[in-house]
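On a predicted model such as this, the values are computed, not experimentally measured, just so you know.
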Amino acid sequence: LFATVFLGLVALNYVAVSFTETVKSSAPAFTVIISKLLLGQTTGHYVKLSLVPVMGGLALCSANELSYNLPGFVAALLTNISECCQNVYSKMLISADKEQISPAELQFYTSIASLFVTIPTCIILADYNKVMETNSAMLGCLILNGVFFHLQTISAYFLMDYISPVTHSVVNTGKRAFLIWSSVLLFGNEVTFLSGLG
């Protein structure tokens, strides 16, 4: 979880939100591979064939992206792989035969683990002057962001209890399309014709 969030922030530092989400839309392909390796799940040929347009769209967007930057692309790709591993591993924990844990328990344990990673990171990297200058409006936004992140994660764990990691990735790709176009409209990112088509 830490690697996913950290690499996602690094990606956003170098490239536009729309490009980061476009790269992350390749998640179903990575999830097919990771599910095979970790869970032994075989994905049908029709599902694999349905990934071709997703990968083609990604190639179109990446080749013509105006904000393309190699470090940003690599960080977005590594975020994607980390997130796919996290989803497959979560499914493995939630649906284990021997020591199955509930989605709420998984959220609890991952939150505790994240706390132990976050505290030393904050001690080493935080700019304490900037932290002390945070106004109440920004603090409110940060708290709201944390609440939304918590709700997103717990709902993903509950959903993972009912569907396969590949299905989860495909559904997430639909969400990414919405995020891409929202960021284009909200931030006014320039998009080439081929990127829009992809």
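For the pair S102 and E105, the tightest heavy-atom approach, listed with the atom from each and the gap, is N-OE1, 2.8 Å.
Of the possible polar contacts, none joining the T167 side chain to the I163 backbone as a donor-acceptor pair under 3.5 Å is found. Looking at Q100, its side chain does come within 3.5 Å of a backbone N or O of I94 through a donor-acceptor pair. Side-chain atoms of T79 come within 3.5 Å of backbone atoms of G8 as a donor-acceptor pair (strictly under, hydrogens ignored). Side chain of S90 to main chain of Q86: a donor-acceptor pair is present (N/O by atom type, distance under 3.5 Å, no hydrogens or angles).
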For this session: Any chance you could lay out the side-chain contact (heavy atoms from CB on, under 4.5 Å) test for F116 and T121, step after step, and finish with the verdict?
Result: CA-CA 9 Å; F116 283 110; T121 304; over 6 Å; no
Exercise. side-chain contact (heavy atoms from CB on, under 4.5 Å) between T43 and K36: does it pass, once the steps are laid out?
Worked result: CA-CA 8 Å; T43 304; K36 176 71 175 169; over 6 Å; no
For this session: Just do the side-chain contact (heavy atoms from CB on, under 4.5 Å) check on T31 and V88 with the steps written out, would you?
Result: CA-CA 7 Å; T31 304; V88 172; 4.0 Å; yes
Exercise. Can you list the steps and then say if V147 with H150 is a side-chain contact (heavy atoms from CB on, under 4.5 Å)?
Worked result: CA-CA 5 Å; V147 169; H150 172 77; 5.7 Å; no
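S26 and N80 share a side-chain donor-acceptor pair at under 3.5 Å.
We find the CG-CD distance between L159 and Q152 to be 11.5 Å, quoted to the nearest 0.5 Å. Atom OH of Y89 is separated from atom OG of S82 by 13.5 Å, given to the nearest 0.5 angstrom. From I119, atom CD1 reaches atom OG of S114 across 11.0 Å, with rounding to the nearest 0.5 Å. To the nearest 0.5 Å, atom SG of residue C84 and atom CG of residue L38 are 11.0 Å apart. In this structure, the separation between NZ on K91 and CD1 on I34 is 16.0 Å, given to the nearest 0.5 Å. To the nearest 0.5 Å, atoms OH (Y157) and OG1 (T110) are separated by 3.5 Å.
Here L125 sits in one hydrophobic cluster together with I124; the rule is ILVMFWY side chains under 4.5 Å apart, joined directly or through other members.
Annotation: side chain of L39 is in contact with side chain of P165 (closest heavy-atom distance under 4.5 Å).
Y46 OH: 12 or fewer foreign heavy atoms inside a 6.0 Å radius.
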